[in-house]
Amino acid sequence: MNRENVSSVFAYAPAPESRSIVDIAPSYGLFIDGEFTEAADGKVFKTVSPSSEEVLAEIAQAGEADVDRAVQAARKAFEKWSALPGSERAKYLFRIARIIQERSRELAVLETLDNGKPIKETRDADLPLVAAHFFYYAGWADKLDHAGFGANPRPLGVAGQVIPWNFPLLMLAWKIAPALATGNTVVLKSAETTPLSALFFADICRQAGLPKGVVNILPGYGGAGAALVAHPDVNKVAFTGSTAVGKEIARTVAGTRKKVTLELGGKGANIVFDDAPIDQAVEGIVNGIFFNQGQVCCAGSRLLVQESIHDELLDSLKRRLSTLRLGDPLDKNTDIGAINSEEQLTRITSLVEQGEAEGAERWSPACELPESGYWFAPTLFTNVTQAHTVARDEIFGPVLSVLTFRTPDEAVAKANNTPYGLSAGVWTEKGSRILAVANKLRAGVVWSNTFNKFDPTSPFGGYKESGFGREGGRHGLEAYLDV
């Protein structure tokens, strides 16, 4: 029986996750001081499902007056929240973590609907990590004296947090969990294309009995984020997003006493040496760039392959890409979901066309794209040089640029030849080579023989234009403490 017949016999039947588990209301307000409320100017916007372009709900749009109201609520709540013993704050965090676990199926479906990523990613990666971050920082809440920052470290006050659309609930957890554990209160601005999971989290805060004003959620556009960053009564700014916006934030807070962490763009190098296990490396490459449709700041978007195995690796990679399933993100078999927004799809398309115009060779597997929604086929570029736009600019989509190298020194030089410095991967069977190469890479996270593995106990952050400060682990506490 030839291969085509085998694949037709064993074709995947649809396995859709039910939408009925999640009840999306027609409209949502801002969450300020423990209550859902309309925007001061009455403005609203619609959130759309990227896979179908269906309007999911109408959302109140935060403006400057709402930011001020939320910051005042957080400031008022700070007095009592920061005075609580760490063991008491920990109880709230543990409760939130357990409710997230109880509601994880509902939240996974919601995230998939609002973001466009496959259900198997939200269910198996995002939600377990979200709960794990709250559990982990709950454990730290009564041990801050032993965190290595001196005796009796104090909270800063009100944390203004701005999160992106690629991991809406996970980025919320990365920011809110350490802030609450250390005794700060929070005003969080969610991304305009993915506001729903943050609003559902507001409901979880109420369910957990969290005191009013400790967490405030403001869905809205960039203007609300800018107002939050510039607010004189915000003591700490945490931002995850583009390098351009990060630079704007740095200019805004310059000269103030605000503490800042910026987690910005990336152009991660995935380095494969000639002794690497090819099949394992191929899986890591696919996970590195096609997870969440490549909309990952630490994506391994540059593949550096040792010249002697280039052809073998590329053949294997193309074979693997031909088996990826693109389509309905709620189908449990789907590997590649929808691009988050029309704006993002336009950016990806434009950069890919530029790559072709500059002479790089484009390849995609045979792939039928759905008629409605925002879709982009997984794409490889070969014959890429370091001068090509696709090797330098962050595309933030399912696009991989392949370059070659001959020696470890050349691999390191090419990997570091970028304005970014967020992540890298090294594939080899030699432990000594992994350590030697990792030490020379200017990247905040270096994975060995794996990629895109996250853990709440491990710090995450970048160098150069990928930002500064660390989130996660013991290091992630420092950003929220007066040390």
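The closest donor-acceptor contact from the side chain of Asn184 to the backbone of Ala159 lies at 3.5 Å or more, if one exists at all. Side chain of Glu53 to backbone of Gly373: a donor-acceptor contact under 3.5 angstrom is found. Side chain of Lys267 to main chain of Asp393: a donor-acceptor pair is present (N/O by atom type, distance under 3.5 Å, no hydrogens or angles). Remark: the backbone N or O of Gly63 is paired with a side-chain donor or acceptor of Asp66 at under 3.5 angstrom. Here the side chain of Lys189 pairs a donor or acceptor atom with the backbone of Gly220 at under 3.5 angstrom. For Asn287 (side chain) and Asn452 (main-chain N/O), no donor-acceptor pair under 3.5 Å exists by modelled atom type. In terms of modelled atom types and a separation under 3.5 Å, the side chain of Arg89 and the main chain of Ala181 share a donor-acceptor contact. A donor-acceptor contact shorter than 3.5 Å is absent between the side chain of Asn270 and the backbone of Ala424. Checked by atom type and distance alone, the side chain of Gln293 pairs as donor or acceptor with a backbone atom of Gly337 at under 3.5 Å. Judged by distance alone, the side chain of Glu263 and the main-chain N or O of Glu471 form no donor-acceptor pair under 3.5 Å.
No more than 12 heavy atoms of other residues, nucleotides or ligands lie within 6.0 Å of CZ in Arg442, so this atom counts as exposed by the packing criterion. The number of heavy-atom neighbours closer than 6.0 Å to NZ of Lys43, taken from other residues, nucleotides and ligands shown, is 12 or below. No more than 12 heavy atoms of other residues, nucleotides or ligands sit less than 6.0 Å from atom NE2 of His475. When the shell of 6.0 Å around CD of Glu38 is examined, it contains 12 or fewer heavy atoms from other residues, nucleotides or ligands. Sparse packing is recorded around NZ of Lys46, with 12 or fewer heavy atoms of other residues, nucleotides or ligands lying under 6.0 Å away.
At a threshold of 4.5 Å between non-hydrogen side-chain atoms, the residues Arg206 and Lys212 do not count as touching. In this structure, Trp140 and Thr182 have side chains that are not in contact, with every pair of non-hydrogen atoms separated by 4.5 Å or more. Using a 4.5 Å cut-off on side-chain heavy atoms (C-beta onward), Val305 and Val402 make contact. Ile339 has its side chain within reach of Pro398: a pair of non-hydrogen atoms, C-beta onward, lies under 4.5 Å apart.
The nearest pair of heavy atoms linking Ala70 to Ile32 is CA-CG2, 3.8 Å. The minimum heavy-atom distance linking Phe167 with Glu111 is given by the pair C-OE2, 4.4 Å. Phe36 approaches Leu199 most closely through the heavy-atom pair CZ-O, 3.7 Å. Of all the heavy atoms in Ala62 and Leu30, the pair that sits closest is N-CD2, 3.8 Å. Closest approach of Ile289 to Gly397, counting heavy atoms only: CD1-O, 3.8 Å.
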For side-chain contact (heavy atoms from CB on, under 4.5 Å), just list the numbers for Val445 and Leu422, CA-CA rounded to whole Å, side-chain angles, deciding distance to a tenth of an Å, and then say yes or no.
CA-CA 6 Å; Val445 180; Leu422 194 55; over 6 Å; no

Could you give me the CA-CA distance, side-chain angles and deciding distance for Tyr137 and Tyr480, then say whether ring pair (Phe, Tyr, Trp, His ring centres under 6.0 Å) is met?
CA-CA 12 Å; Tyr137 281 111; Tyr480 292 94; 8.6 Å; no

Quick one, Gln354 with Leu351, criterion side-chain contact (heavy atoms from CB on, under 4.5 Å). Give me CA distance, side-chain angles, the key distance, then yes/no.
CA-CA 5 Å; Gln354 198 173 332; Leu351 284 165; 4.2 Å; yes

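When the side-chain contact (heavy atoms from CB on, under 4.5 Å) test is applied to Ser104, the partners found at least two apart in sequence or on another chain are Leu127. In this structure, the ring pair (Phe, Tyr, Trp, His ring centres under 6.0 Å) partners of Phe454, at least two apart in sequence or on a different chain, are Trp447, Phe460.
For the pair Arg95 and Phe135, the cation does not sit on the ring face, since its NZ or CZ is not both under 6.0 Å from the ring centre and inside 45° of the axis.
In this structure, OG in Ser401 is found 9.0 Å from CG in Leu380, a value given to the nearest 0.5 Å. In this structure, CD in Glu283 is found 9.5 Å from CD1 in Ile285, a value given to the nearest 0.5 Å.
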Which pairs would a plain distance check flag for residues 15-26, meaning a side-chain donor or acceptor within less than 3.5 Å of a matching protein atom at least two apart in sequence or in another chain?
{"from": "Glu17", "atom 1": "OE1", "to": "Arg105", "atom 2": "NE", "distance (Å)": "3.3"}
{"from": "Glu17", "atom 1": "OE1", "to": "Arg105", "atom 2": "NH2", "distance (Å)": "2.7"}
{"from": "Glu17", "atom 1": "OE2", "to": "Arg105", "atom 2": "NE", "distance (Å)": "3.3"}
{"from": "Ser18", "atom 1": "OG", "to": "Ser20", "atom 2": "N", "distance (Å)": "3.0"}
{"from": "Ser18", "atom 1": "OG", "to": "Ser20", "atom 2": "OG", "distance (Å)": "2.6"}
{"from": "Arg19", "atom 1": "NH1", "to": "Glu54", "atom 2": "OE1", "distance (Å)": "2.9"}
{"from": "Arg19", "atom 1": "NH2", "to": "Glu54", "atom 2": "OE2", "distance (Å)": "3.1"}

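The aromatic ring centres of Phe291 and Phe451 sit 6.0 Å or more apart.
Exactly one of Ile336, Asn333, Thr334 qualifies for a side chain to side chain contact (heavy atoms under 4.5 Å, CB included) with Arg325. That residue is Asn333. Among Lys236, Glu478, Arg470, Lys175, the single residue meeting the side chain to side chain donor-acceptor pair (under 3.5 Å) criterion with Thr261 is Lys236.
Side-chain contact of Ser372 with Ser52: a donor-acceptor pair under 3.5 Å is absent, judged by distance alone.
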